[in-house]
> 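I have a structure here, written as structure tokens, and I will follow up with some questions on it.
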Amino acid sequence: MNEQILYLSLPILALLTFLYLAFPPRTRTGTSLPLPPGPPAHWLPGIGSPWTTTYAPRLFAKWTEEYGPVFALRRGWRDVYVVIGRWKAAQEIMEREGGALADRPSHVAAGEVLSGGMRIVTMGSGERLVRLRRLLHAVLQPKLAASYEPLQTQHSHALILDILADPAHHQLHARRYAAAVILALTYGKTSPTHYDDAEVVAVRTCLGRLGSTMRHGAWRVDARGFGWLRWVPGYLGELRGWHREERALFEGQLEEARRRMDEGDETPCLVRHMLEHQAEFRIADEELAYVAGSMFGAGSETTASAVTIAIMAATLHPDAQTKVQEELDAVVGRERAPTFEDRPNLPQTVAFMLEAFRWRPVSVGGFAHRATRDVIWSGYRIPEGAVVIANHWAIAHDPEVYPEPEKFDPQRWIDEEGRVREEDRRFCTYGFGRRVCPGNHVANRSVFINTALILWAFRLRENPTAPIDSMAFSDASNMHADPFEVVFENRIEEGEMKRILGEV
Ligand code: HEM
């Protein structure tokens, strides 16, 4: 009889052991506070995952209205996702508790394997992240960012001339601008950049692979309890091959920049500054190659998307456009082009840019962080191990901070004295806390100078026969507008514009 019981209980014991190993206890909370409210849990990991639905940030924004500023999603036995959809809660959690939220969720496929653990955006908190972020801060801080202004101005003039010559491809020109700036800024590249250059194509291929690998649910090995898949022969073979390819590409780019410097080229660039700091921050060559190589992915398409959003916003909102153009005419005139020095005198232009960031946020759903300890907020518990996401789309539509959120209204960024009012309602364009985008000073400058120059050079109109759908964007973590048509009318005579912008 005893033997019978033993035999009967063996499969149960085996099942329990399997479940314990597959889904180990994740949170040691010591508190009985509840999770934030949220939709019903799904008890099998991955089943009914909201990330597999299209346009998750828009769905999450609806759930914010239903469940409140912070809601929780439970998936599987232990996985908790906490989504923040209101401005004040985002400040209180993502900024004030930033120390507990500096980690990222584990990315075995995209982070460990494809990126060899060296790509910052997928890197968990720890010693390497601290060293690499310090390096990035040193080379992208406001003073150095200002030193790249001439480069941004030069490429922005080229963007205006590209639009003048070929307005139909304005989105492609914005992409070329951003690619050229990031390559020049990172490696000191001075030769002209085309969007179909072999180097740009190769870097974009890596970027596409990263995007598809990072997609939620793309790789089972990233799901809790499936880490053992990494040991299955051949399973990660393709990713390992892609890693070898991108590493060779990034190391080649670094060597090329080094060679130019050894030959006496003194063009300022990130790699030059990084090499100067390499010993101080104890950065290995392979890490440096990756940090530099990742700049394109982080800073090129994001910037291009933001410039295109500004173009779309101006086309769809003629009154807001007029206000900026009146300011440009008064401050700059039409006999010279706007410059960075004009910025303090162009509050309407800056307000327009800030509103474009809010109206259609590039990093639409926000990048996931991970809690490394319990965070208590407003009587709720965000447990250690939870994935925490501040949904930029929902925060942009917070009616308490941005009344009539659907309306494109740059005046919400202007105070009673006509100055830019940002501090008390700053939008999270660049994310949060210890993971905030280190390229924000460079990116802001790019979007400012392009907005100013485009609206100085052209009056943008919608073609009534090709109406623009302002919600037609790609369903990606950094969203891009679907192709749309704009009628660019010159505000300055063509020959004169070319003369001012230095083409003739
Ligand atoms: C308009 C353009 C840009 C936007 C909207 C943008 C937005 C963001 C966002 C939302 C994050 C994640 C923050 C978080 O996790 O909370 C991020 C991270 C990052 N960005 Fe940007 N970014 C832009 C341009 C740039 C540029 C120009 C560079 C480099 C020159 C850059 C480098 C990075 C890097 C390296 C990270 C990873 C930081 C980390 O994980 O610790 N970005 N960016």
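Remember, it's 1-based here, ligands and their atoms both numbered in the order they're listed.
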> Just checking, any donor-acceptor pair under 3.5 angstrom between side chains of Gln152 and Ser446?
yes
> State the atoms of ligand 1, each with its element, that fall below the 4.0 Å cut-off from a heavy-atom position in Phe367.
10 (C), 12 (C), 15 (O)
> For atom 35 (C) of ligand 1, which candidate among Pro438, Cys428, Ser300, Gly439 provides the closest heavy atom?
Pro438
> Between Glu246 and Arg209, is there a side-chain N and carboxylate O pair less than 4.0 Å apart?
no
> Start with the C-alpha gap between Leu136 and Met274, add the side-chain angles, then the distance that decides, and say whether side chain to side chain contact (heavy atoms under 4.5 Å, CB included) holds.
CA-CA 8 Å; Leu136 277 183; Met274 286 179 185; 4.1 Å; yes
> What pairs of residues pass the salt bridge (charged side-chain N to carboxylate O under 4.0 Å, His left out) test when at least one of them lies in residues 287-305, not counting sequence neighbours?
Arg128-Glu287, Arg131-Glu287, Arg175-Glu301
> What protein heavy atom sits nearest atom 26 (C) of ligand 1, and how far off is it?
Gly299 CA, 3.3 Å
> Any idea which heavy atoms bring Ala390 and Phe432 closest together, and the distance?
CB-CE1, 3.3 Å
> Are any of the N or O atoms of Ser363 closer than 3.5 Å to those of ligand 1?
no
> When only distance counts, is His369 in polar contact with ligand 1, meaning an N/O pair under 3.5 Å?
yes
> In terms of residue, atom name and distance, what is the protein heavy atom nearest to atom 22 (N) of ligand 1?
Cys437 SG, 3.1 Å
> For the pair Arg435 (side chain) and Asp103 (backbone), establish whether a donor and an acceptor sit closer than 3.5 Å, ignoring hydrogens and angles.
no
> Which protein non-hydrogen atom lies closest to atom 23 (C) of ligand 1, naming both residue and atom, and how far is it?
Thr302 OG1, 3.5 Å
> May I ask you to identify the nearest protein heavy atom to atom 13 (C) of ligand 1, giving residue, atom name and distance to one decimal place in Å?
Arg435 O, 3.1 Å
> If we ignore angles and hydrogens, is there a donor and acceptor under 3.5 Å between the side chains of Asn450 and Ser156?
yes
> Polar-atom distance check: His392 versus ligand 1, any N or O pair below 3.5 Å?
no
> Would you indicate which of Ala304, Ala298, Ala368, Gly431 comes nearest to atom 33 (C) of ligand 1 when only heavy atoms are counted?
Ala298
> Relative to the heavy atoms of Ala443, which atoms of ligand 1 are at a distance of less than 4.0 Å?
1 (C), 2 (C), 24 (C)
> Here's one to test your reading of the geometry: is the NZ or CZ of Arg358 within 45 degrees of the ring axis of Tyr402 and under 6.0 Å from its centre?
yes
> Under 3.5 Å, is there a donor-acceptor pair between the side chain of Thr122 and the main chain of Arg119?
yes
> Checking Arg425 now: which residues fulfil side-chain hydrogen bond (donor to acceptor under 3.5 Å, both in side chains) with it, not counting sequence neighbours?
none
> Quick one: look up the protein heavy atom nearest atom 6 (C) of ligand 1 and list residue, atom name and how far away it is.
Tyr430 CD2, 3.7 Å
> For Arg104 and ligand 1, answer yes if some heavy atom of the residue is under 4.0 Å from a ligand atom, otherwise no.
yes
> Should one rank Asn478, Thr429, Thr186 by closest heavy-atom distance to atom 5 (C) of ligand 1, which comes out on top?
Thr429
> State whether the shortest distance between N or O atoms of Met295 and N or O atoms of ligand 1 falls below 3.5 angstrom.
no
> Give the atoms of ligand 1, by number and element, whose distance to some non-hydrogen atom of Arg133 is under 4.0 Å.
38 (C), 39 (C), 41 (O)
